[in-house]
Amino acid sequence: MKLILISLIVVMGLSIPGKPVLSQISENQVKAAFVEKFTHFIEWPDDSVTSRPFVIFIFPDSPLVPYLTQLLANHKIKNKPVEILVTENLMLLDSAHIAIIPQSRKYLMPTIAMLTQGKPILTIGDYNGFLKDGGMLLLYREDENLHFSINLNTLGESGLVVSSQLLKLATLYQEEE
Amino acid sequence: MKRIFNNTIQTKLMAIIISIVFTVLAIAFIFITISDYQLYRREFYQANETLTDILVLNISSAVIFEDKKQTSLLLSTFTRIQSIDKIIIWKPDKTVFFKYIRNDSDTTFPAPLTVYASYFQGDKLIFNRPIIVDGNLYGYLYIENNTAFLKSIIYDRLSFFSILFIFLLVVAFGLARFLQRTIIQPIFEGLDHLRKIATSKNFSLRLPEKRADEFGQLYKGINNLLNTIQAHAEELNFTLNELRRSEKRFRYIFEKSNDAMYIWQDNKFVLINPRFEEIFGYTQEETNAPNFNFMNLVAPESKAFILERQKKRERGEPVSNQITFQAVSKTGERLTIAASLSDIQWNEKPAVLGILRDITHQVNLEEQLRHAQKMEAIGKLAGGIAHDFNNILTAIMGHAQLGMLCTDNPERIANELEEIMKGADRAANLTRQLLGFSRKQIVQLEDIDLNKIIRNMQKMLQRLIREEITLDFQLQKDALIVRADTTQIEQILINLVINAQDAILEQENIRGNGKITVRTEKVLLSELPYYEETNTFQPGWFVCLSVQDNGIGISPEIKNRIFEPFFTTKPKGKGTGLGLAQVYGIVRQNNGYIHVYSEPSHGTIFKIYWPLLAKTQLETIHSQAKDQVLLQGTETILFIEDDPGIRNFATRILEEYGYTVLEAEDGEHGLTLFHQHKSNIDIVVTDTVMPRMSGRALAEAIWTIVPHIPILFTSGYTEEEIVTDSVLNDGIDFISKPYHVEELVRRIRTLLDQ
């Protein structure tokens with residue numbers, strides 16, 4: 001499993017031409033770390049975080065699963081225990097605070113967008129067009145560094161509050177009218 | 001320090017102002033600089049701390065996401081701050097995430113500090129901050145600030161202050177100069193003026209009063225003071241000149257005085273005048289010498305007297321300030337000096353001012369004059385006596401011849417011989433008088449009975465006076481013992497009787513009725529019955545010898561002179577003028593008192609008092625004191641007496657006894673007083689023989705106003721004579737003069753009690 005995962009990352013890394021390639025392991029690790037770091041700069045409405053664990057919805061085929069699991073084992077977010085929902089059941093989206101959508105589930109994105117619209121669920125993706133599909137936070141690689149872009153429209157509708165510190169580091173996505 | 005105090009006010013003021021300004025500015029600038037430095041440092045610290053904290057917040061997301069570009073971008077704003085030398089960010093694993101080191105700063109690279117810290121290290125202000133988000137450590141921030149610019153600010157401030165300091169000092173100097181001009185300068189001007197005035201002593205100079213400020217007023221005040229000083233100076237000058245003139249005058253008097261003058265103080269001559277030097281031959285230097293003794297000037301025969309006087313003076317006893325003594329000059333010349341000595345204050349110390357007159361020449365002249373006068377007197381006496389003696393001799397010779405012519409008739413011879421005997425007695429009397437005058441007699445004081453002497457003299461006195469004149473003797477029965485010289489008593493009697501005879505002979509209208517009474521009596525005197533200044537009188541029993549005549553009397557004008565030697569009213573050749581003088585001298589010599597009472601044209605009475613011996617005087621004085629109480633009274637007495645001496649004397653005595661006395665000098669005045677005070681007057685005492693209105697006429701007038709009012713008559717004549725001469729009627733109240741005090745008062749008291 002580990003070997004498959006590593007080889008997949010290497011393939012993905014190689015698939016980006018003309019640019020110095022981040023180690024696939026490193027990139028996913030960084031992405032997992034980014035997910036955790038985002039939680040420091042985003043505020044969820046109070047009723048969504050009280051009296052329950054902080055829930056991260058992730059598809060089982062997402063390369064971030066092992067890293068997140070490792071990273072967030074015995075970890076707290078917003079002073080809550082973290083629960084990583086590794087599932088394909090979209091019905092569980094409602095209970096999640098963050099939903100991570102890999103490129104492999106790109107086709108589900110419009111549905112997911114519809115399901116999460118107006119709800120305090122941060123959707124994070126790492127493929128081109130994710131924001132256009134109604135995603136909120138896109139991770140992308142540039143100059144051998146991982147960057148992120150934020151769709152203020154969807155994020156604004158969700159009721160989540162993004163720190164200016166985060167906005168300062170992000171590139172902002174504006175949907176074309 | 002001393003030098004500063006010796007400087008002028010101007011310099012001191014300048015120094016004080018500059019010093020104060022310098023000190024104040026220096027302290028102020030140092031204080032401001034230090035506090036500014038502290039403030040800047042604190043503000044710099046606070047500002048940079050805040051900046052660092054903001055920085056940590058700003059870059060935390062970039063550090064968390066390890067966004068170097070963004071970190072660099074965020075820090076680029078801070079790296080433009082000049083004071084920041086280094087910014088270093090380490091990751092949690094202490095690998096350097098970001099590094100900024102200013103080009104011109106030192107390149108030392110610090111070790112990562114994991115703690116929160118802010119501190120100064122030398123010129124550096126260092127902040128260490130761990131970057132923690134939600135309790136997670138994401139790195140470390142190190143910021144190193146260079147505070148050197150603070151020093152430069154302080155240096156800038158100091159240089160600014162230095163310029164300001166110098167500028168302010170210059171301003172202070174200017175201010176001090178200005179103050180000096182406006183305040184000190186006028187003082188100096190005033191001082192200059194005052195110095196000029198003091199140097200020239202010209203108090204008419206004045207300070208300019210044109211200034212309108214306080215100095216103007218001060219100058220005005222000083223000018224007013226100068227006015228006063230000028231006035232005082234002029235007055236002082238005037239007084240000084242007057243004093244000098246006065247001093248000169250007195251010195252002139254002192255130096256030109258014909259009397260020797262000296263000041264004696266502290267047992268030495270402090271000053272003598274030229275006349276002193278002239279008389280005694282000693283110079284001022286010689287008399288000033290410490291070993292010079294006043295006794296050098298005194299002749300040996302006067303030394304005892306002078307020493308005794310000095311001793312008395314030292315004992316505080318009274319001494320005469322007018323003395324005469326024999327002096328001796330430096331050359332040994334004998335001088336008679338009359339000295340007048342006064343106690344004075346000389347230089348505020350007691351001293352004696354002596355004025356000495358050389359009376360040597362005068363004394364010699366007086367001696368010569370006295371001798372000449374004596375010779376003249378002897379001549380006169382001899383002339384008078386020769387005349388009398390010739391008369392006597394003529395009579396003796398006449399009677400002798402007559403006797404020789406009738407040798408056959410023994411009876412006639414006897415008569416002639418008796419006449420011859422009378423003449424011889426008279427001659428003997430004359431001889432005695434002559435001898436007495438020439439003091440050939442020796443005074444032999446002894447206790448003698450006056451009555452006995454008089455009785456022994458009776459026959460001789462009878463022979464002495466003319467036959468037509470009656471000589472009456474009324475002598476006290478008891479022996480009257482006095483201490484006196486028999487011969488002198490005889491002389492007194494002879495002189496008084498002869499004088500009485502002369503007075504009778506001058507009284508033409510009584511020719512043939514002339515009478516001389518010689519009387520002795522014993523009297524008790526508490527004081528003299530007439531006024532006489534004497535301090536030797538002792539109260540007690542006295543013998544009174546009186547010789548009374550009814551001759552021409554003595555006029556008041558000459559009454560005071562009758563005892564003077566050579567005074568006589570007798571024609572030339574008749575009297576020597578020595579008789580009464582001799583009587584007075586003898587009486588005083590025998591401790592007696594003599595008094596004369598005379599009514600012109602009526603007669604004279606001489607009374608002589610001698611202390612009676614062999615009686616306890618105290619006893620009598622005591623009984624007299626008891627008597628005195630009984631004699632006292634408060635009635636009013638009208639007292640009329642033409643002799644002022646008797647009037648005053650009697651009035652004083654009566655008032656002492658408690659009576660009120662109204663005095664009148666003659667009958668008319670007495671009558672006027674009686675009219676005015678008739679209701680108050682209890683008794684009248686009046687003289688009998690008075691000018692203008694006699695005692696008798698007065699008494700008749702008074703009795704017509706108030707009948708039976710007691711009137712006591714007084715007279716120098718005996719009651720018998722007064723009554724006989726029909727001056728007064730028989731049965732009147734009469735007291736003869738001179739009366740004794742007790743007698744007068746007792747008579748008055750008796751009349752009042754009746």
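These numbers come from the heavy atoms of this one structure, side chains and all, not from hydrogens, waters or symmetry mates. Quick note on labels: first sequence line is chain A, next is B, and so on, each numbered from 1.
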Exceeds 12 heavy-atom contacts within 6.0 angstrom, atom [atom1] of [X]:
X	atom1	result
A:Asp46	CG	no
A:Asn128	CG	no
B:Phe188	CZ	yes
B:Phe178	CZ	no
B:Phe120	CZ	yes
B:Tyr119	OH	yes

task = Considering only heavy atoms and a distance below 4.5 Å, find which of A:Phe148, A:Phe41, A:Phe38 pairs most often with chain B.
result =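 The residue among A:Phe148, A:Phe41, A:Phe38 with the greatest pair count is A:Phe41.
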
Between atom [atom1] of [X] and atom [atom2] of [Y], what is the distance when rounded to the nearest 0.5 Å?
X	Y	atom1	atom2	answer
A:Gln165	B:Asn58	CD	CG	5.5 Å
B:Phe65	A:Leu146	CZ	CG	10.0 Å
B:Ser60	A:His40	OG	NE2	10.5 Å
B:Gln70	A:His147	CD	NE2	10.0 Å

message = Quick one, A:Lys37 and B:Asp134 - any side-chain contact, counting heavy atoms below 4.5 Å?
response =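 Side chain of A:Lys37 against side chain of B:Asp134, heavy atoms only: no contact under 4.5 Å found.
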
Check against side chain to side chain contact (heavy atoms under 4.5 Å, CB included), A:Glu36 and B:Ile64 = CA-CA 11 Å; A:Glu36 189 274 330; B:Ile64 288 169; over 6 Å; no

message = Need one label for B:Leu74: side chain, backbone, both or neither, based on atoms under 4.5 Å from any heavy atom in chain A.
response =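 Side chain only.
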
ask   = Side chain, backbone, both or neither: which part of A:Lys76 has a non-hydrogen atom closer than 4.5 Å to chain B?
value =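 Contact with chain B: none, neither part.
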
inquiry  = Taking salt bridge (charged side-chain N to carboxylate O under 4.0 Å, His left out) as the cut-off, I'd like each qualifying pair that reaches into residues 88-99 of chain A, sequence neighbours left out, listed once.
reply    =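 Pairs touching residues 88-99 of chain A that pass the test: A:Glu88-A:Arg105, A:Asp94-A:Lys119.
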
